[in-house]
Amino acid sequence: MSASEGVSLPGNEDTTPPHEKHKQRAKKAKKKFRSAKESVPNAMDAKATASYFSLSIVGQIVSATFPLGPDKEFVFLRYEMVAGPDWQLSSGPQHGLTQLATNRRGHFNEPIVFNMPIEVTYKSTSPYGWPQILVSVFGRSGLGRETLLGYAHIHLPVFGSRRPADQTEQLQAPILMPKCPSMMADITSWLLRREPELKDPKVLLDNLKCKGLSMESYGSLQFQLSSVMRGARKLGYHWHS
């Protein structure tokens with residue numbers, strides 16, 4: 001009868017004491033636990049090897065100023081956050097619309113105050129396509145007729161302001177108004193009482209696409225923006241203000 005049939009032959013008996021067998025089983029179980037633990041990535045290691053950086057922007061669109069006053073009684077803004085393909089909007093609205101505002105009760109060239117809050121957070125792997133704010137300025141007459149007054153755009157700040165809270169720095173962006181490309185288009189615009197508009201205002205954000213556009217500047221927008229950046233140095237970006 002062979003040992004494979006379940007019969008222990010003389011000299012093949014396991015003489016290990018029961019308590020030693022228990023210790024060996026415990027050691028094997030610890031080794032399996034350690035190998036399984038090493039195969040799972042640590043949360044702290046995942047943070048240390050982050051593959052993106054984040055940019056948080058807090059501020060507001062403060063006001064609009066026209067040297068000779070706006071052509072319309074009321075003014076409102078539509079804004080859009082525009083960024084490159086490597087940027088992802090983590091929180092905050094991408095589009096916004098302000099309230100109707102006017103300066104009729106004061107001087108004609110006083111600022112038209114909006115105080116439209118902006119609070120967004122982006123994450124990206126590359127600074128290419130840095131986010132911008134594209135604003136369309138519209139005017140409304142007392143009869144409810146809306147017309148375009150111009151466009152404005154500005155890059156989000158890279159660094160936060162170091163000034164005290166009561167001395168926040170204001171950023172300005174000119175309001176650009178498209179001009180008619182020909183005299184016939186100018187006459188048509190005058191007859192229809194409609195100002196020329198861009199089919200896609202995002203062309204203003206690309207220097208190559210807006211080449212050849214005829215624009216004139218009239219007025220400016222005031223912004224108050226501050227930024228907080230995290231994780232840029234882990235990707236090798238060392239920016240200094």
Side-chain angles (χ1 to χ4, degrees), residues 39-64 76-98 114-138 150-165 167-176 198-213 215 217 220-241:
S39 62
V40 178
N42 193 358
M44 296 299 292
D45 295 337
K47 290 182 180 180
T49 58
S51 59
Y52 63 88
F53 64 90
S54 62
L55 176 67
S56 299
I57 300 295
V58 177
Q60 59 182 343
I61 304 177
V62 181
S63 60
F76 67 96
L77 310 176
R78 291 175 183 165
Y79 75 88
E80 180 182 1
M81 312 297 296
V82 183
D86 296 332
W87 293 79
Q88 181 180 355
L89 185 62
S90 301
S91 64
Q94 186 176 2
H95 305 82
L97 180 66
T98 68
F114 299 101
N115 289 335
M116 180 66 182
I118 294 176
E119 186 173 355
V120 294
T121 300
Y122 278 95
K123 63 180 182 180
S124 177
T125 57
S126 170
Y128 175 76
W130 196 270
Q132 301 183 58
I133 303 178
L134 177 61
V135 183
S136 300
V137 185
F138 291 91
Y151 305 97
H153 63 93
I154 190 172
H155 281 87
L156 298 183
V158 181
F159 309 106
S161 176
R162 294 185 177 180
R163 299 189 178 188
Q167 298 181 4
T168 53
E169 182 180 3
Q170 287 197 2
L171 307 175
Q172 288 193 2
I175 298 176
L176 303 176
L198 296 177
K199 186 176 181 180
D200 184 10
K202 294 181 182 179
V203 298
L204 296 175
L205 309 181
D206 193 337
N207 293 332
L208 297 178
K209 292 182 180 179
C210 68
K211 203 171 188 180
L213 284 178
M215 311 284 290
S217 176
S220 62
L221 284 181
Q222 287 75 40
F223 299 82
Q224 284 183 352
L225 301 172
S226 60
S227 63
V228 176
M229 189 179 300
R230 298 182 180 91
R233 292 196 174 186
K234 293 179 182 177
L235 298 179
Y237 299 117
H238 299 277
W239 296 315
H240 302 280
S241 57

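Residue indices begin at 1 and follow the sequence shown. What you see is a predicted model; the values in this text were computed from it and never measured.
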> Ser54: what forms a side-chain hydrogen bond (donor to acceptor under 3.5 Å, both in side chains) with it, not counting sequence neighbours?
Replying inline: none
>> What's the separation between atom OG in Ser227 and atom CG in Leu156, rounded to the nearest 0.5 Å?
In response: 8.5 Å
> How long is the gap from CG on Leu89 to NZ on Lys123, to the nearest 0.5 Å?
Replying inline: 10.5 Å
> Can you tell me how far the NE2 atom of His95 sits from the CG atom of Leu97, to the nearest 0.5 Å?
Replying inline: 11.5 Å
> Taking all atoms of both residues into account, what is the closest heavy-atom pair of Ala173 and Phe223, and its distance?
Replying inline: CB-CE1, 3.9 Å
> Between Ser56 and Thr121, which heavy-atom pair has the shortest distance, and what is it?
Replying inline: OG-OG1, 3.4 Å
>> Are Ile57 and Tyr122 packed together at the side-chain level, in the sense that at least one heavy-atom pair is separated by less than 4.5 angstrom?
In response: no
> Got a sec, which residues hit side-chain hydrogen bond (donor to acceptor under 3.5 Å, both in side chains) with Gln94, two or more places apart in sequence or on another chain?
Replying inline: none
>> Side chains of Leu213 and Leu204, heavy atoms from C-beta outward: is any pair under 4.5 Å?
In response: yes
> Got a second to check how far Ile61's CD1 is from Gln224's CD, nearest 0.5 Å?
Replying inline: 12.0 Å
> Between atom CG of Leu198 and atom CE of Met215, what is the distance when rounded to the nearest 0.5 Å?
Replying inline: 5.5 Å
>> Taking side-chain hydrogen bond (donor to acceptor under 3.5 Å, both in side chains) as the definition, give me every residue that meets it alongside Ser217, ordered by chain and number, with sequence neighbours left out.
In response: none
> Who passes side chain to side chain contact (heavy atoms under 4.5 Å, CB included) against Gln222, sequence neighbours left out?
Replying inline: Val62, Ser63, Thr65, Gln170, Gln172, Ser220
> For Phe76, which residues count as a ring pair (Phe, Tyr, Trp, His ring centres under 6.0 Å) partner, sequence neighbours excluded?
Replying inline: Phe138
> Between Ile154 and Leu221, is any pair of side-chain heavy atoms under 4.5 Å apart?
Replying inline: no
> Where the side chain of Thr125 meets the backbone of Tyr52, is there a donor-acceptor pair that is under 3.5 Å apart?
Replying inline: no
>> Can you tell me how far apart CG (Leu134) and NE2 (His153) are? Round to the nearest 0.5 Å.
In response: 7.5 Å
Distance-only donor-acceptor hits, side chain of residues 77-87, under 3.5 Å, sequence neighbours excluded:
| residue | atom | partner | partner atom | Å |
| --- | --- | --- | --- | --- |
| Glu80 | OE2 | Lys202 | NZ | 3.3 |
| Trp87 | NE1 | Ser126 | O | 3.3 |
| Trp87 | NE1 | Tyr128 | O | 2.9 |
| Trp87 | NE1 | Gly129 | O | 3.3 |

> Of all heavy-atom pairs between Leu225 and Gly59, which one has the smallest distance, and what is that distance?
Replying inline: CD2-CA, 4.0 Å
